[in-house]
Colleague: 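Dropping the structure in here first, questions after.
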Amino acid sequence: MDLKKLFPLAYKQSLLVSIVVYLIIGIIAGLAIGFAGLITGWIPLLGAIVGWVLRIVGAIVDLYVVCGIIVAILHALKVIK
C-alpha cells in the first residue's frame, strides 16, 4: 500500500501545515455531515437511514483525519519515507 497516494498532504507540506489542513478537513466534513443530518433528520424513515449513513461517513472521515495526522508526524520524524 502506498501511503503517498492515500495521504498526499502528509508528504508535501511541513508538519504544522499538514496537521492544520487535516483538522480543517475534519471540521468542514463534520459541519457538512451535521448540516445534512439536520436537513434530513425530520423525515421519519429517510431521516433514520440517512442518519445511519452519515454516522458511517463521519467515522470514515474521522479515521482518515487521524491517520493523516499520524502519517504526517511519522514522516516528519523520518520513521517512514
Side-chain angles (χ1 to χ4, degrees):
M1 180 180 352
D2 190 19
L3 289 177
K4 288 183 182 180
K5 289 182 182 178
L6 288 175
F7 305 103
L9 298 174
Y11 289 92
K12 294 186 179 182
Q13 286 99 10
S14 67
L15 177 63
L16 182 62
V17 172
S18 296
I19 291 174
V20 169
V21 169
Y22 277 118
L23 289 176
I24 290 172
I25 289 171
I27 290 170
I28 291 173
L31 289 174
I33 290 169
F35 184 69
L38 183 67
I39 290 175
T40 60
W42 59 274
I43 303 171
L45 181 61
L46 182 65
I49 294 170
V50 170
W52 182 75
V53 171
L54 289 176
R55 278 190 295 251
I56 292 173
V57 171
I60 291 171
V61 169
D62 289 342
L63 182 65
Y64 179 77
V65 168
V66 169
C67 289
I69 291 172
I70 290 171
V71 169
I73 292 170
L74 291 176
H75 178 68
L77 295 175
K78 305 216 185 312
V79 174
I80 58 176
K81 294 182 181 186

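All figures in this text were calculated on a predicted structure; none of them were measured in a lab. For this chain, numbers begin at 1 and follow the sequence in order.
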Colleague: Got a sec, which hydrophobics cluster with Phe35, joining ILVMFWY side chains under 4.5 Å apart, including via others?
Modeller: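 Ile39, all in the cluster of Phe35.
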Colleague: Donor-acceptor pairs under 3.5 Å, side chain of residues 1-12 to any protein atom, not counting sequence neighbours: which ones?
Modeller:
none

Colleague: How far does CG of Leu38 sit from CD1 of Ile33, to the nearest 0.5 angstrom?
Modeller: 13.5 Å
Colleague: Are Trp52 and Leu63 connected, step by step, through hydrophobic side chains (Ile, Leu, Val, Met, Phe, Trp, Tyr) whose heavy atoms are closer than 4.5 Å?
Modeller: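 Different clusters: Trp52 never reaches Leu63 through Ile, Leu, Val, Met, Phe, Trp or Tyr contacts under 4.5 Å.
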Colleague: Hydrophobic cluster membership, with links at side-chain heavy-atom distances under 4.5 Å among I/L/V/M/F/W/Y: are Leu46 and Trp42 in one?
Modeller: yes
Colleague: CG/Leu15 to NE2/His75 distance, rounded to the nearest 0.5 angstrom?
Modeller: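 NE2 of His75 is found 9.5 Å from CG of Leu15.
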Colleague: Through direct or indirect side-chain contacts below 4.5 angstrom among Ile, Leu, Val, Met, Phe, Trp and Tyr, which residues connect to Ile28?
Modeller: Leu16, Val20, Ile24
Colleague: Could you grab the distance from atom CG of Leu23 to atom CD1 of Ile69, nearest 0.5 Å is fine?
Modeller: 4.5 Å
Colleague: Val57, Leu31: one ILVMFWY side-chain cluster at the under-4.5 Å cut-off?
Modeller: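 Per the 4.5 Å side-chain linkage, Val57 and Leu31 are not co-clustered.
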Colleague: Just one of Val17, Ile27, Val65 clears the side chain to side chain contact (heavy atoms under 4.5 Å, CB included) bar with Tyr22, so which one?
Modeller: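 Checked Val17, Ile27, Val65 against Tyr22; only one passes side chain to side chain contact (heavy atoms under 4.5 Å, CB included): Val65.
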Colleague: Could you tell me the separation between the CD1 atom of Ile49 and the CD1 atom of Ile43, rounded to the nearest 0.5 Å?
Modeller: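 Here the rounded value is 10.5 Å.
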Colleague: Could you tell me whether the side chain of Val79 reaches within less than 4.5 Å of the side chain of Ile73, counting heavy atoms only?
Modeller: no
